[in-house]
Amino acid sequence: MEAQGSYDWQTLYQTHVAVLMERLQKILNENKFDGVLIYSGTSPVAFRDDNNYPFKANPHFKHWLPLSEQPGCMLWITPGIKPTLFFLQPQDFWHAAPPEPEGFWINEWDIKIVRTISEVRQQLVIDWNKIAFIGEITDDLFDWPVQHINPKTLLANLEYMRAYKTEYEQHCLKMANIRAVKGHRAAYQAWCSGKTEFETHCAYLLACQLRESQLPYDSIVAFNDHGAILHYDHYQTCASAEINSFLLDAGAVYNGYIADITRTYCAGESHVFGELIQALDLAQQKIISEIKPGISFVDLHEKMHEAIAVLLHQFEIVHLPVEQIMRDDITQVFFPHGLGHLIGVQTHDIGGRQRDISGEMLATHSKHPFLRLLRPLDINVATTIEPGIYFIPMLLKRLHQSTHTKHINWALIDALCSFGGIRIEDTIIINEHGAENITRNAFKLMFEL
């Protein structure tokens, strides 16, 4: 990828491992553990079949090193000693064996090649009563003498701290966004040329050079009213009789780190839907410009609802004052999901609802139950900002049956329903000055090349 040469990956990664080791040592000492075993996991077999589901690596494993597609591997990490990677390289003529590890990261690990997972246990000389195991206990591990499996206090600490991205992680997120932007550009061009949802999806994969199983989540490739289905992933193979709009929510991975980008397009820019896209895009950028370290994400979410209330009033979708639209929660009909979520080695990086490292959870917001991020935004935290305005029949029906129905411009809404909805999603990283929008930077870079 174009920007890779501009980073000193070896130094960045060396510092990354040192930071993780410092965090781990503190929590291990507090819990009186000698070290931790982290299992990459396996891919389960489908019920009554002999085919496996696509492999998804344990996020705690991916946090330490850039191996996203290697099942059966194990990390043994104890502070003060060079960490060990047990790399599974089975002797098998049915499948291609994974190549031996190489790259900028290998000098930080004592790498041991094993042919079976049982060899790992044979080589470990540890006190099983004093180690923590993180991962799934699969069939291959059922007879291991593991005593402390996924200790809650340990996981809570690690998952809370994972929100704070090292410089290495931030660069991985930026590279993932560059890769995803390539796909977004190709998908947009496919849509413009009259391709189907499925063909547009294939154009995205080709541009990203990723298999479908390598995507961080199922892409949303939604034409017309399909954009009103928040997680639409069916991909029609036939051409639509009429093309009104295109909502693309699609990501990519780089060294295990994830990009999550959404853009919405209108077939006729002079249409009110096209103008609404532009207005929401400006509102999204405005709220990002106001982000500072320590700001409440809940307050940001509420502020976004206020901005959407302004747009509902401005575009004469709701004939009520902005204050009343907010007071009566009418924006919930048009913006039913959260403003964003933590992102990293998971699309929805865990820890967004934790109060602190102890694992105490913040109460689900009474008005915004789908909000995934409740903690304040701190320096080095990465999150998405993804407001939306949708015309969802199920939610509109409830509004139609409410006392507010006489104040709703149903004729305009009926016309907008054929366009589905709008979502604009970027990833930002908080710094001491505000927020760096790494998604917009990636788009800018791609258009300059």
Side-chain angles (χ1 to χ4, degrees), residues 4 7-29 33-42 55-91 97-128 130-136 140-141 144 146 154-155 158-159 161-162 164-173 175-176 253-257 344-346:
Q4 184 170 3
Y7 302 145
D8 180 358
W9 286 101
Q10 187 169 348
T11 301
L12 289 170
Y13 181 72
Q14 186 178 44
T15 304
H16 170 71
V17 171
V19 169
L20 297 195
M21 193 68 79
E22 183 179 354
R23 293 178 188 173
L24 181 65
Q25 181 169 13
K26 185 174 185 297
I27 187 62
L28 288 179
N29 290 342
F33 288 127
D34 290 342
V36 62
L37 274 175
I38 305 177
Y39 188 40
S40 68
T42 59
F55 174 68
K56 296 295 182 182
N58 173 359
H60 287 276
F61 181 90
K62 290 195 298 176
H63 196 206
W64 281 89
L65 73 182
L67 292 178
S68 302
E69 301 182 26
Q70 284 71 30
C73 295
M74 191 80 74
L75 306 181
W76 165 240
I77 308 171
T78 184
I81 300 174
K82 191 174 187 177
T84 300
L85 163 64
F86 292 97
F87 186 83
L88 181 64
Q89 194 180 58
Q91 293 181 318
E100 291 193 11
E102 61 178 4
F104 62 85
W105 58 275
I106 61 173
N107 290 337
E108 302 306 308
W109 295 87
D110 179 11
I111 300 174
K112 299 181 183 296
I113 305 297
V114 294
R115 303 304 180 189
T116 65
I117 193 66
S118 60
E119 289 183 39
V120 177
R121 180 179 172 183
Q122 294 167 10
Q123 294 188 38
L124 284 170
V125 181
I126 56 177
D127 183 344
W128 290 92
K130 292 185 177 181
I131 68 104
F133 179 91
I134 297 177
E136 298 175 275
D140 292 332
L141 307 176
W144 285 36
V146 179
L154 185 66
L155 288 186
L158 297 177
E159 290 169 352
M161 294 303 298
R162 204 164 76 206
Y164 298 97
K165 301 297 187 284
T166 64
E167 192 175 355
Y168 163 77
E169 294 179 280
Q170 293 179 33
H171 285 308
C172 288
L173 287 169
M175 294 298 293
V253 292
Y254 189 86
N255 287 349
Y257 287 81
V345 288
Q346 293 175 290

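Everything numeric here is computed off the predicted structure, so don't read it as measured data.
Aromatic ring orientation, Trp128 versus Trp144: perpendicular (interplanar angle above 60°, classes split at 30° and 60°). Between Trp9 and Tyr168, the ring-plane angle classifies as perpendicular under the 30° and 60° cut-offs.
Just one of Thr84, Val114, Ile117 meets the side chain to side chain contact (heavy atoms under 4.5 Å, CB included) condition when paired with Met74; it is Ile117. Of the residues Trp109, Tyr7, Phe104, the one that meets the ring pair (Phe, Tyr, Trp, His ring centres under 6.0 Å) test with Tyr13 is Phe104.
Summarising the geometry, atom OG1 belonging to Thr166 is positioned 9.5 Å from atom NE2 belonging to His171; distances are rounded to the nearest 0.5 Å. In this structure, CG on Leu85 lies 9.0 Å from CG on Asp110, to the nearest 0.5 angstrom. Note that CG of Asp34 is 6.0 Å distant from OG1 of Thr78, once rounded to the nearest 0.5 Å. Here CD of Glu22 is found 13.5 Å from CD1 of Ile27. Values are rounded to the nearest 0.5 Å. Note that CD of Gln89 is 11.0 Å distant from CD1 of Ile111, once rounded to the nearest 0.5 Å. With values rounded to the nearest 0.5 angstrom, Lys62 atom NZ is found 11.5 Å from Gln70 atom CD.
Residues Leu154 and Leu28 meet the side-chain proximity criterion, which asks for heavy atoms closer than 4.5 Å. Between Pro66 and Cys172 the shortest side-chain heavy-atom distance does not fall below 4.5 Å. Within the 4.5 Å cutoff, the side chain of Glu119 has no heavy atoms near those of the Lys112 side chain. Within the 4.5 Å cutoff, no side-chain heavy atoms of Leu141 are placed close to those of Val146. Under the 4.5 Å side-chain criterion, counting only non-hydrogen atoms from C-beta, Gln122 is not in contact with Leu124. Contact of the Val345 side chain with the Arg162 side chain is registered, since non-hydrogen atoms from C-beta on lie closer than 4.5 Å.
Of all the heavy atoms in Leu88 and Pro71, the pair that sits closest is CD2-O, 3.7 Å. Summarising the geometry of Trp76 relative to Ile126, their closest heavy-atom pair is CZ2-CG2, 3.5 Å, with the distance given to 0.1 Å. Contact between Ser40 and Gly72 at its shortest, heavy atoms only, is OG-N, 3.2 Å. Annotation for Gly135 and Asn58: closest pair CA-ND2, 3.7 Å, computed over non-hydrogen atoms. Counting all heavy atoms, side chain and backbone alike, Leu75 lies closest to Trp64 at CD1-CB, 3.8 Å. When all heavy atoms are compared, the tightest approach of His60 to Leu158 is CE1-CB, 4.0 Å.
For the 3.5 Å distance criterion, the side chains of Glu136 and Tyr39 fail to qualify, holding no donor opposite an acceptor. Neither side chain, His16 nor Glu108, offers a donor N or O lying under 3.5 Å from an acceptor on the other.
Side chain of Lys165 to backbone of Leu173: no donor-acceptor contact under 3.5 angstrom is found. Under the 3.5 Å distance criterion, the side-chain polar atoms of Gln91 are left unmatched by any main-chain donor or acceptor of Arg115. Gln25 places no side-chain N or O within donor-acceptor distance of the main-chain N or O of Met21, the cut-off being under 3.5 Å. Not a single donor-acceptor pair under 3.5 Å links the side chain of Asn255 to the backbone N or O of Tyr257.
Surrounding NZ of Lys130 are at most 12 heavy atoms belonging to other residues, nucleotides or ligands under 6.0 Å away. The 12-atom threshold is exceeded at NZ of Lys82, counting heavy atoms of other residues, nucleotides or ligands nearer than 6.0 Å.
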message: Run Tyr164 and Arg23 through side-chain contact (heavy atoms from CB on, under 4.5 Å) and show every step you take.
response: CA-CA 11 Å; Tyr164 298 97; Arg23 293 178 188 173; 3.8 Å; yes
- request: Show the numbers, then the answer: is there a side-chain contact (heavy atoms from CB on, under 4.5 Å) between Cys73 and Phe61?
  value: CA-CA 9 Å; Cys73 295; Phe61 181 90; 3.8 Å; yes
task: Tell me, with the steps shown, if Gln14 and Leu12 meet side-chain contact (heavy atoms from CB on, under 4.5 Å).
output: CA-CA 6 Å; Gln14 186 178 44; Leu12 289 170; over 6 Å; no
